[in-house]
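Here is the structure we will look at.
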Amino acid sequence: MKTIVADILDQSLAQLPELAEAAADLPVESTIERTRDASHGDFASNLAMRLAKPARMSPRDIATRLVDHMADNDALDKVEIAGPGFINFHLGAGAYHSELATILEQGEDYGRQARRAQPRILLEFVSANPTGPLHVGHGRLAAYGATVGNLLEAAGYKVAREYYVNDAGRQMDILGLSVYLRWLEALDQDFEFPDGGYRGDYIRDIAGELEAEDVRVLDDLFDGLPDGDKDEIIDELIGRAKRRLGLGTFAEIRQQALESIRADIEEDLAEFGVTFDRWFSEQSLTTEGRIDAALTVLEKSGKVYEKDGAKWFRATDFGDEKDRVVVRANGNKTYFASDIAYHYDKRERGFDLLIDVLGADHHGYISRVGGGLAAMGYAAEDLEVKLVQFVALFRGGEKVQMSTRSGEFETLRQLRAEVGNDAARFFYVSRSNDQHLDFDLDVAKSESNDNPVYYIQYAHARIASVFRQLAERDLVWDADNGRAAMGLLGEPQEKALMTTLSRYPEMIELAATNRAPQHLVHYLRDLANDFHTYYNAHAFIVDDAALRDARLVLISAARVVIANGLTILGVSAPEAM
RNA sequence: GCGCCCGUAGCUCAGUAGGAUAGAGCACCGGAUUCCUAAUCCGGGGGUCGCAGGUUCGAAUCCUGCCGGGCGCACCA
């Protein structure tokens with residue numbers, strides 16, 4: 001709908017060369033916005049004010065010229081110049097009526113834009129370490145990433161979703177050791193479980209199902225353990241287990257634990273409506289030689305040097321605080337080396353824009369990885385990182401304490417079971433990603449008017465209910481008749497609803513561009529409010545068939561848009577509540 | 001110490017590449033149902049947009065400094 005106004009302005013501008021020149025760098029559409037006050041019309045443009053300086057004319061003179069050169073347009077009622085030089089556009093009812101027809105015609109495609117070839121987007125999110133179940137913080141990453149992915153697709157982009165599985169390195173050895181120790185415990189071996197191990201109940205579950213071929217009891221594993229801090233003790237135990245069980249057997253335990261946890265995460269997310277096109281294994285980077293290949297490219301850039309026996313990446317050249325080690329003195333590659341290799345691989349696979357959704361504690365990582373990309377012949381700007389701030393759970397007004405150490409953290413599963421998937425998906429994205437989230441469990445699970453999820457779903461269910469009532473009264477909705485009678489929709493509540501509906505495509509575009517799902521949440525709340533207000537003010541199923549059919553056109557359109565928006569959020573749109 | 005994010009109503013937060021009198025929910029007060037679901041609606045009070053400067057026709061929004069809160073600064077992953 002905004003394009004109607006943009007076209008009119010564009011065409012007027014084209015006839016005024018002296019202004020068109022000044023506006024060369026200014027997309028006309030970006031000057032147009034919805035008005036906040038209905039007396040200012042439907043859309044307003046600040047184009048004249050923006051051109052005043054480059055064109056060296058007064059804003060009001062510019063506005064006058066623009067308006068004088070506008071061709072007549074059926075969609076337009078009138079155009080006014082107001083205030084310091086705003087051009088206000090008043091659309092006719094016909095523009096809204098045709099928008100309603102478009103909504104019904106396009107159905108679930110309404111608000112979706114045509115495919116854009118560029119950029120091809122790789123969206124990486126969650127990527128939690130496969131050392132235990134997802135907790136509530138990961139849930140926010142999942143809900144945010146999934147919704148941003150849906151928004152980008154609605155805006156026409158091709159999006160691939162990926163989960164990076166950190167299945168390499170020391171933490172995997174600790175995982176394997178933890179499982180083996182629980183397996184020993186189950187066979188009545190007596191020892192104190194080391195502090196540095198993973199001690200959640202899920203480790204016992206995995207141990208209970210352990211099926212490694214040559215696994216056997218090492219009853220002297222803890223004999224003569226040297227003193228040391230918890231990391232040294234863990235490393236010593238890992239070394240002993242590897243030597244005595246054999247590397248192959250230890251690796252088998254480790255892989256079994258990894259796969260069990262990874263599968264659990266995948267199932268958890270799938271139940272949450274979050275799926276991925278690919279689970280990218282960090283191990284595969286090593287086995288396929290990609291880390292070495294990336295390091296070779298990086299070294300050719302001249303941004304790698306040796307110091308103290310290690311190889312360092314000159315990250316400070318790319319805005320990082322300090323240079324970063326990529327290969328340690330002991331020859332092991334760092335996690336940072338895998339990260340660079342992974343992101344290099346993403347670009348090599350043909351993705352133009354890499355969006356990473358990360359926890360807020362990863363902010364130090366942005367300039368580093370971006371710098372790596374730049375050094376390897378791509379651009380730091382190819383990587384866009386969306387940081388998501390932490391989640392605090394509140395129950396009964398009290399903050400719920402979360403402790404990973406004790407294994408007593410709140411898992412995503414527990415949260416989903418407590419408040420339901422719909423409320424969880426909704427609440428997670430209802431705040432800006434860079435705002436801390438206070439998740440109030442009592443509100444999220446209350447089946448009452450306190451709960452904004454129900455408020456929106458209820459609007460959808462109510463519309464469905466109206467159509468059920470219609471059938472019960474042996475009436476049939478004649479949509480063609482309704483479309484022909486849309487001129488009867490003159491009530492203020494009807495106009496308000498039509499206006500909000502017509503905003504949907506603009507809002508989707510905005511939310512996608514800004515990776516800001518909260519716009520959609522707020523929009524749906526507004527839309528539901530407009531519908532509920534209308535519902536309370538006027539009956540839809542009236543005796544006058546033309547009016548009835550027209551009103552049913554309007555609320556059908558509302559149903560379509562609410563359902564489309566909820567689908568993007570990953571929230572169900574119930575027919576009845 | 002350095003870096004990133006945040007500071008808007010009593011509480012939780014929106015606020016669109018700067019735009020016209022700053023919005024919503026909750027809470028509080030007062031109303032609405034012989035009629036399509038009251039999980040609803042209508043009305044009301046509530047604000048020095050952390051503070052101080054700057055940029056300009058115009059700043060909650062951009063810039064600088066300060067104050068307050070969160071997070072991060074490994075040859076860990």
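Every chain is numbered from 1 and lettered A, B, ... according to where its sequence line falls, protein lines coming before strand lines.
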With P as the reference atom in both, quote the distance from C4(B) to C63(B) in angstrom, rounded to an integer.
11 Å
When all nucleic acid strands are considered with a 4.0 Å heavy-atom cut-off, which category describes T513(A): base, sugar-phosphate, or nothing?
nothing
Does a side-chain N or O from Q518(A) land closer than 4.0 Å to OP1 or OP2 of G15(B), or not?
yes
I'd like the C1' distance from A9(B) over to G53(B), given in whole Å.
27 Å
Quick one, which residues of residues 305-317 of chain A touch RNA chain B with a heavy atom under 4.0 Å?
K307(A), D308(A), A310(A), W312(A)
Salt bridge check, E259(A) against R262(A): does any charged N sit closer than 4.0 Å to a carboxylate O?
yes
Sorted by position of nearest nucleotide on RNA chain B, 5' first, the leading residue of R34(A) and R462(A) is R34(A)
Show each protein N/O and nucleotides 72-74 of chain B N/O combination with a separation under 3.5 Å, one pair to a line.
| unit_1 | atom_1 | unit_2 | atom_2 | d |
| --- | --- | --- | --- | --- |
| C73(B) | O3' | K322(A) | NZ | 3.4 |
| C73(B) | O2' | E321(A) | OE1 | 2.8 |

Hey, does A461(A) reach any base, or is it just sugar-phosphate, or nothing, if we go heavy atoms under 4.0 Å?
base
Do M49(A) and F86(A) come within less than 4.5 Å of each other through their side chains, counting heavy atoms only?
yes
Heavy-atom contacts under 4.0 Å between residues 542-550 of chain A and RNA chain B, which residues?
none
Counting the atoms with a prime plus P, OP1 and OP2 as sugar-phosphate, which does T533(A) contact under 4.0 Å by heavy atoms, base, sugar-phosphate, or nothing?
sugar-phosphate
Can you tell me whether the side chain of N88(A) and the base of A20(B) have a donor-acceptor pair closer than 3.5 Å?
yes
For residues 517-531 of chain A, which side-chain donor-acceptor pairs fall under 3.5 Å, sequence neighbours excluded?
| unit_1 | atom_1 | unit_2 | atom_2 | d |
| --- | --- | --- | --- | --- |
| Y523(A) | OH | T500(A) | O | 2.7 |
| N529(A) | OD1 | Y455(A) | OH | 3.2 |
| D530(A) | OD2 | T500(A) | OG1 | 2.4 |

Which ones in residues 41-58 of chain A lie close to RNA chain B, meaning a heavy atom under 4.0 Å from one of its atoms?
A44(A), N46(A), M49(A)
Taking pairs as Watson-Crick (N1-N3 plus N6-O4 or O6-N4) or G-U wobble (N1-O2 and O6-N3), each distance under 3.5 Å, the stems of three or more consecutive pairs with RNA chain B are B:1-7 with B:67-73, B:10-13 with B:23-26, B:28-32 with B:40-44, B:50-54 with B:62-66
How about N433(A) and R515(A): do any of their side-chain heavy atoms sit closer than 4.5 Å?
no
C76(B), OP1 or OP2 - any side-chain N/O from R328(A) closer than 4.0 Å?
yes
